[in-house]
Amino acid sequence: MYRNKLRRTGEVSWEIPADSTRGMLVPAKIFASEEMLPSIDDSALTQISNAATLPGVVLHTVAMPDIHSGYGLPIGGVMATDPVTGVVSPGAAGYDINCGVRIMRTPINFAQASAVRGTLAERLMTAVPGGVGRGGVHELEHDDYRNIAEHGAGWAVNKGLGFKDDLANCESNGRLEGAELKHAGNHAMKRGRDQMGTLGSGNHFCEIQHVDEIYDQEVADKWGLSKGQILVMIHTGSRGFGHQVATEYLETMEHAMKKYGITVPDRELACAPMESEEGREYLSAMRTAANYAWANRQVIMHSVRTALADIFHIEPESMRLLYDVAHNIIKIERHLVNGKQTNILVHRKGATRSFPAGNPELADVFKETGQPVLVPGDMGRMSFLLAGSAKSMDESFGSSCHGAGRRLSRHQALKQAGSGKKIQEGLSARGIEVRAAGRQTLAEEMPDAYKDVSQVVDVVATAGLAKMVARMRPVVVIKG
DNA sequence: ATGTCC
């Protein structure tokens with residue numbers, strides 16, 4: 001029982017010390033307030049401790065306040081390995097490779113959007129296909145795939161689905177290098193062929209929000225944000241394409257573990273040395289899926305941009321991407337390890353990169369402010385924009401939280417919600433128009449199914465991982 | 001998250 005091992009290290013930080021009898025090579029660090037701690041499930045604490053046993057793990061594993069139990073690594077977990085002696089673990093990125101969030105600015109104000117929110121909901125449902133297995137309008141040819149693997153979001157921009165500066169405002173410019181299509185494989189290509197530009201299901205969404213609170217006016221000014229402004233937030237990933245990649249390589253890793261004589265306390269943490277054939281090929285396939293996801297969010301954003309331009313009689317050019325973050329991904333990054341700047345392999349699952357001002361990877365404006373950290377809440381309450389701050393580099397491999405975190409399982413939510421229609425009517429009475437492609441989605445995704453996201457961002461702000469910039473409230477929510 | 005069991 002790892003909960004008994006927790007010791008307090010700060011106002012909102014806790015540690016499970018490295019324990020050789022359990023094979024832990026490094027401690028596990030947990031960010032949470034004292035009142036949130038009981039709501040963190042035991043299995044999530046076990047998982048973040050198990051991750052600390054992986055070969056080549058460096059410094060500590062990290063759990064964010066929105067942590068909950070996942071496949072292998074908990075959602076809300078960060079784990080980093082040494083690229084020479086360490087492993088890569090597909091379960092530590094998860095099935096939805098490069099699931100992430102982007103947010104687009106508009107010149108529309110709250111009153112304008114609110115007045116036509118019913119129309120907006122209907123138009124967005126048409127513009128952005130959603131639902132399990134749902135295909136879209138873009139049928140991908142082999143040439144498209146080659147370009148997606150190489151250029152990520154740039155593939156969409158090259159096709160006219162976006163502007164050049166959209167790319168500069170994505171984490172990693174919306175593409176990772178070292179993505180070879182052949183490593184993703186034919187089955188993934190088949191599953192992803194008609195899913196480009198689609199939302200998927202579950203907690204994926206497209207949301208019209210208004211800025212209702214600004215905490216840091218200076219940063220908000222630099223980011224072009226003002227109170228009452230309408231923003232569009234999009235949350236989705238690599239669809240069936242990334243799912244297939246994850247499925248195939250998890251199987252590959254089971255064999256690789258035997259081959260390399262690696263043992264792990266949980267087979268869901270199956271892994272291989274990063275420098276092995278299996279490790280390199282997975283990373284290549286994972287990057288290809290990440291690039292597919294960036295292209296997907298780009299296509300969706302441009303569809304929404306086109307629809308809004310039509311509805312409000314404004315220029316598409318008046319709507320620019322503020323930022324796009326990946327919250328399920330594995331990347332080589334430069335961090336200070338034992339007093340030395342070193343390349344390490346950072347695995348983030350349900351955790352957002354949170355690089356501070358001055359980081360050389362950031363575009364110019366974000367070098368001044370720190371990168372935007374996008375934290376969606378639930379569909380009835382609020383979401384947050386934060387800026388990466390310096391302590392994240394010392395404490396959490398430059399990472400912060402990614403959302404509210406579930407409070408109820410889908411099954412529990414379904415039982416408590418009654419019907420999706422009731423949820424929809426309740427939200428509509430509060431000025432929030434919601435629509436979903438799936439029959440059960442609204443009930444499963446009801447606001448009460450989630451923890452209060454403001455408690456989550458309070459923790460990361462108190463810990464100094466990110467600082468508060470703005471709060472947004474939903475106006476129109478499209479669910480998968 | 002996911003052609004929610006090849």
Side-chain angles (χ1 to χ4, degrees), chain A residues 43-44 47 66-77 89-102 128-136 139-140 184-206 234-251 268-270 282 285-286 288-290 292-297 300 325-330 347-352 376 378-379 402-406 408-414 420 436-445 449-450 478-480:
Chain A
S43 63
Q47 288 180 330
D66 49 333
I67 179 182
H68 53 277
S69 175
Y71 184 94
L73 192 70
I75 295 146
S89 178
Y95 279 95
D96 193 0
I97 293 166
N98 191 4
C99 186
V101 190
R102 66 166 54 192
V128 185
V132 181
R134 177 73 189 273
E139 193 75 18
L140 300 175
N186 288 330
H187 196 171
M189 286 170 64
K190 189 177 170 204
R191 286 183 66 179
R193 191 171 304 279
D194 69 341
Q195 296 186 328
M196 182 54 66
T198 68
L199 213 46
S201 69
N203 64 2
H204 289 168
F205 64 79
C206 169
I234 293 159
H235 176 209
T236 186
S238 51
R239 309 288 283 102
F241 186 91
H243 188 273
Q244 190 60 32
V245 167
T247 305
E248 289 178 17
Y249 280 92
L250 280 162
E251 164 96 26
E268 293 184 355
L269 284 171
Y282 166 68
M286 189 280 305
T288 308
Y292 182 106
W294 268 310
N296 190 30
R297 289 196 290 276
I300 291 173
V325 296
H327 58 219
N328 289 358
I329 201 161
I330 304 171
H347 302 60
R348 292 194 183 91
K349 171 140 61 130
T352 310
D378 61 79
M379 65 186 181
H402 91 306
R406 268 197 171 273
L408 303 176
S409 70
R410 293 189 174 279
H411 185 74
Q412 288 171 313
L414 211 51
R439 199 153 274 278
Q440 296 182 357
T441 304
L442 290 180
E444 290 174 353
E445 291 293 312
Y450 285 89
I478 300 304
K479 282 279 192 180

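The basis for the numbers below is simple: all heavy atoms, side chains too, and nothing from hydrogens, waters or symmetry mates.
For A/Thr247, no side-chain nitrogen or oxygen approaches OP1 or OP2 of B/dT2 to under 4.0 Å.
The distance between atom CD of A/Gln244 and atom P of B/dC6, rounded to the nearest whole Å, is 10 Å. One can place CG of A/Asp96 at 9 Å from C1' of B/dT2, the figure rounded to the nearest angstrom. Between the CD1 atom of A/Ile75 and the C1' atom of B/dT2 there is a distance of 13 Å, given to the nearest Å. One atom, NE2 of A/His243, and another, P of B/dT4, lie 9 Å apart when rounded to the nearest Å. Atom-to-atom, CZ of A/Arg439 to C1' of B/dT4 comes out at 17 Å; the value is rounded to the nearest Å. Rounded to whole Å, the distance from NZ on A/Lys190 to C1' on B/dC6 is 12 Å. One interatomic measurement links the two molecules: CG of A/Leu414 to P of B/dT4, which rounds to 18 Å at whole-angstrom precision. At whole-Å resolution of the value, CD in A/Glu444 and P in B/dT2 are 12 Å apart.
Looking at every heavy atom in both residues, A/His187 comes nearest to A/Gln244 through ND1-NE2, 3.1 Å.
Across all strands shown, A/Gly94 has no heavy atoms under 4.0 Å from either base or sugar-phosphate atoms. A/Arg134 comes within 4.0 angstrom of nothing in the nucleic acid, heavy atoms only. Residue-level contact check: A/Gln195 touches the backbone only, with heavy atoms under 4.0 Å from sugar-phosphate atoms and none from bases. Within the nucleic acid shown, A/His187 comes within 4.0 Å of at least one base atom, counting heavy atoms only.
The distance from the CD1 atom of A/Ile329 to the CG atom of A/Asp96 is 11.0 Å, given to the nearest 0.5 Å.
Between A/Glu444 and A/Arg439 there is no salt bridge, since no side-chain N of the basic residue sits under 4.0 Å from a carboxylate O of the acidic one.
Every residue meeting the ring pair (Phe, Tyr, Trp, His ring centres under 6.0 Å) condition with A/His204, not counting sequence neighbours, appears here in chain and number order: A/His235.
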